[in-house]
Amino acid sequence: QVQLVESGGGLVQAGGSLRLSCAASGRTFSRSTMGWFRQAPGKDREFVAACNWSGGNTGYADSVKGRFTISRDNAKNTVYLQMNSLKPEDTAVYYCAARRLYSGSVYYTGIDEYDYWGQGTQVSVSS
C-alpha cells in the first residue's frame, strides 16, 4: 500500500521558517516527479512546487518563488519543502503528491498529473 506522510507543519510567526517533509512508503518514487500543493480555507488546492526525479529540475508558484525550496533524497524516498520568509497568506494545509510513472526531466504543476497524495499538514502563519 502506497503512503505519503507529511510532517513538519505548525504555527509560526510571519518572517519565520518551516521545513516540511514527505516520506513515501509502499513503493519507490526515485524515478518520479514529486510536488507540493496547498489548500487554504474556502479556496481550491493550488500548486506550490515540484521537482523531477533527480531534483535537478524544479518549478515554483510565483507566490512562493525565492522563498520556498523543494528538494528530495531518493535514498530515503523523501521530498522536502523548505519555507522561509513565511507570510500569513501562506497559511494552508500542505499536501505532498507523487506521480506513478517515470517522467524524465519534466515536472508537473497540475493536480490531475499526480497519482498519489498525502493526508496533508497544517501550516499557520501569524501576523
Side-chain angles (χ1 to χ4, degrees):
Q1 181 182 359
V2 174
Q3 277 193 313
L4 301 178
V5 179
E6 302 96 337
S7 61
L11 175 63
V12 64
Q13 287 189 330
S17 298
L18 285 173
R19 188 194 194 205
L20 304 184
S21 299
C22 171
S25 61
R27 58 158 285 176
T28 178
F29 289 101
S30 62
R31 304 290 283 174
S32 305
T33 291
M34 297 190 76
W36 288 94
F37 291 75
R38 67 186 182 186
Q39 187 165 18
K43 294 188 177 181
D44 293 334
R45 191 171 299 190
E46 65 176 6
F47 169 74
V48 174
C51 65
N52 76 317
W53 71 273
S54 68
N57 194 18
T58 59
Y60 298 91
D62 288 342
S63 59
V64 307
K65 207 169 289 184
R67 301 187 297 122
F68 290 11
T69 303
I70 187 171
S71 61
R72 62 191 298 165
D73 184 338
N74 286 337
K76 295 182 178 179
N77 221 17
T78 299
V79 65
Y80 305 96
L81 185 68
Q82 178 66 43
M83 305 186 296
N84 298 329
S85 302
L86 282 161
K87 305 175 181 179
E89 51 263 45
D90 293 319
T91 295
V93 177
Y94 283 70
Y95 297 92
C96 170
R99 277 179 62 87
R100 181 171 59 87
L101 299 177
Y102 172 65
S103 45
S105 63
V106 179
Y107 63 85
Y108 295 88
T109 63
I111 291 173
D112 293 342
E113 303 287 354
Y114 291 84
D115 304 291
Y116 303 103
W117 291 84
Q119 299 260 5
T121 186
Q122 176 70 47
V123 171
S124 299
V125 184
S126 62
S127 56

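Not measured: the values here are computed from a predicted model. For the single chain, residues carry numbers from 1 onward in sequence order.
A donor-acceptor pair under 3.5 Å is absent between the side-chain atoms of Ser30 and the main chain of Thr28, judged by distance alone. The main-chain N or O of Gly35 is never found under 3.5 Å from a side-chain atom of Arg99 such that the two would form a donor-acceptor pair. Side-chain atoms of Asn57 come within 3.5 Å of backbone atoms of Ser105 as a donor-acceptor pair (strictly under, hydrogens ignored). At distances below 3.5 Å, not a single donor-acceptor pair connects side-chain atoms of Gln119 with backbone N or O atoms of Glu6.
Side-chain contact between Ser32 and Trp53 is absent, with no heavy-atom pair separated by less than 4.5 Å. Between Tyr80 and Thr69, the closest side-chain pair of non-hydrogen atoms is not below 4.5 Å. Residues Arg38 and Ser63 form a side-chain contact, since some pair of their non-hydrogen atoms from C-beta on lies under 4.5 Å apart. Taking the side chain as every heavy atom from C-beta outward, Val48 and Tyr95 never approach each other to under 4.5 Å. Counting heavy atoms from C-beta outward, Met83 and Asp90 have side chains that stay 4.5 Å or more apart.
The two atoms that bring Leu4 and Cys22 nearest to each other are CB-SG, 3.9 Å, heavy atoms only. The two residues Leu81 and Ala49 make their nearest non-hydrogen contact at CD1-CB, 4.1 Å. Here the shortest heavy-atom pairing between Ser17 and Asn84 reads OG-OD1, 2.9 Å. For the residue pair Ser103 and Thr33, the shortest heavy atom distance occurs at OG-OG1, 2.7 Å. Here the closest heavy-atom approach between residue Thr91 and residue Val125 is recorded as OG1-N, 2.9 Å. Taking both residues in full, the closest heavy atoms of Ala92 and Ala40 are given as CB-N, 3.8 Å, listed atom of the first, atom of the second, then distance.
In this structure, Glu46 places its CD atom where more than 12 heavy-atom neighbours from other residues, nucleotides or ligands lie under 6.0 Å away.
Between Asp62 and Lys65 a salt bridge is recorded (basic side-chain N to carboxylate O distance below 4.0 Å).
There is a path of hydrophobic side-chain contacts, each under 4.5 Å, that joins Tyr94 to Ile70. No path of Ile, Leu, Val, Met, Phe, Trp and Tyr side chains, each step under 4.5 Å between heavy atoms, connects Leu20 with Leu11, placing them in separate hydrophobic clusters. Tyr107 and Ile111 are members of different hydrophobic clusters when ILVMFWY side chains are connected at heavy-atom separations under 4.5 Å.
Residue pairs meeting the salt bridge (charged side-chain N to carboxylate O under 4.0 Å, His left out) criterion with at least one partner in residues 114-127, sequence neighbours excluded, do not occur; the list is empty. Legend: ring-ring contact (aromatic ring centres under 6.0 Å, His included) pairs involving residues 14-45, not counting sequence neighbours, sorted by first then second residue: Phe29-Tyr116, Phe37-Phe47, Phe37-Tyr114, Phe37-Trp117. The stretch residues 10-33 participates, sequence neighbours left out, in no salt bridge (charged side-chain N to carboxylate O under 4.0 Å, His left out) pair at all.
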